[in-house]
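Chain letters run A, B, ... following the sequence lines, proteins first and then strands; every chain starts at 1. Just so it is clear, the structure is predicted and the values come from calculations on it, not from any experiment.
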Number of protein chains: 2
Amino acid sequence: MTAQAAFRALADPTRRDILMMLAHQDMTIAEVAENFDMTRAAVKKHLSVLSDGNLITVRPEGRARINTLNPQGLKQVFDWFGYFDAFWDDRLSRLRASIEKDMQ
Amino acid sequence: MTAQAAFRALADPTRRDILMMLAHQDMTIAEVAENFDMTRAAVKKHLSVLSDGNLITVRPEGRARINTLNPQGLKQVFDWFGYFDAFWDDRLSRLRASIEKDMQ
DNA sequence: TTGACATGATACCATAAGGTTTCATATATA
DNA sequence: TATATATGAAACCTTATGGTATCATGTCAA
């Protein structure tokens, strides 16, 4: 329920790279793995962590699994930043509120 | 130079809690430690990680060290989110750009 | 149905990470 | 100057984490 899983997932550079790739297009595990110098199993683990953090969703398509970027997880992290609004100024605070409202 | 250290620092819940405390007021190491059920040494380690991620700054004041929230680190993470603007819509994208500009 | 293909899952390994304990150092203050 | 205070730092322990290798399972195609 908390954003912990999302923050945890974002801590690894490989996982952040995967998210950037998925921002361009959905990909199967094998397709994602092609972009890294590590085994498919390792990539699969990263995808599981990303899934745990609600940063991606996975839908089966035949024998393949299509990984898709999920804004929910990103939103959780984005929301957390809201706590620091007071640290910035009121105007930014209002803009953030507006963005959050629309992202739901 | 990258945001890796900041993301890494944010991955731990204790460190995120520390940041929230510092958003309210600057604190010495001992003061931060009072709020957690762990040794001062452990808290000091967390503060070092936060400092590595540019999420806090530390200024000596006599024999004490005052820890202060540093928006730079938060901005690095916030900036990273910019990559996903296209994933949201144009209006949100513009709002984000506006926020980022002002946060510099 | 048989084999190739895409993924799931488990066991195992080395290193990173979060904590503690202990001792050293710097700075107020009586 | 002596002593208490606030922090720095190193050594050590346990668990989490990122990877690999290996084998099982499900699905497509001939």
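- Closest of all the heavy-atom pairs between A/L22 and A/N67 is CD2-O, 3.5 Å.
- Distance, A/L10 CG to D/dT17 P: 14 Å, rounded to whole Å.
- Note: CD (A/E31) to C1' (C/dC5) measures 14 Å, nearest angstrom.
- Side-chain nitrogen and oxygen atoms of B/R15 include at least one within less than 4.0 Å of the OP1 or OP2 phosphate oxygen of C/dG18.
- Rounding to whole angstrom units, CZ of residue A/R59 and P of C/dT7 are separated by 13 Å.
- When all heavy atoms are compared, the tightest approach of A/R8 to A/R15 is O-NH2, 3.4 Å.
- A heavy-atom distance below 4.5 Å is not found between the side chains of B/R65 and B/T28.
- Residues B/F7 and A/F7 have side chains not in contact (no heavy-atom distance under 4.5 Å, counting atoms from C-beta outward).
- Counting to the nearest Å, the P atom of C/dG18 and the CG atom of B/D17 are 14 Å from each other.
- C/dA17 atom C1' lies 7 Å from atom CZ of B/R8, rounded to whole Å.
- Whole-Å rounding puts the B/R63 CZ to D/dT5 C1' distance at 4 Å.
- Under the 3.5 Å distance criterion, with hydrogens and angles disregarded, a donor-acceptor pair is assigned to the side chains of A/R59 and A/T68.
- With distances taken from any side-chain atom of A/D12 to the nucleotides D/dG18, C/dT20, D/dG8, the minimum falls on D/dG18.
- At a non-hydrogen distance threshold of 4.0 Å, A/A41, A/A42, A/K45, A/H46 from residues 40-53 of chain A come into contact with DNA chain D.
- Comparing A/A11 and A/G62 by the nucleotide of DNA chain D whose heavy atom lies nearest to each, the residue mapping closer to the 5' end is A/A11.
- Side-chain N/O atoms of B/T28 include none lying less than 4.0 angstrom from OP1 or OP2 on D/dA6.
- Going from atom CZ of B/R65 over to atom C1' of C/dT25 covers 10 Å, rounded to whole Å.
- Within the structure, every side-chain polar atom (N or O) of A/T39 is placed at least 4.0 Å from both OP1 and OP2 of D/dG19.
- As rounded to whole Å, 16 Å separates atom C1' of C/dA6 from atom CE of A/M27.
- From B/I56, atom CD1 reaches atom CG of B/D26 across 10.0 Å, with rounding to the nearest 0.5 Å.
- For the pair A/W80 and B/L19, the tightest heavy-atom approach, listed with the atom from each and the gap, is CH2-CD1, 3.9 Å.
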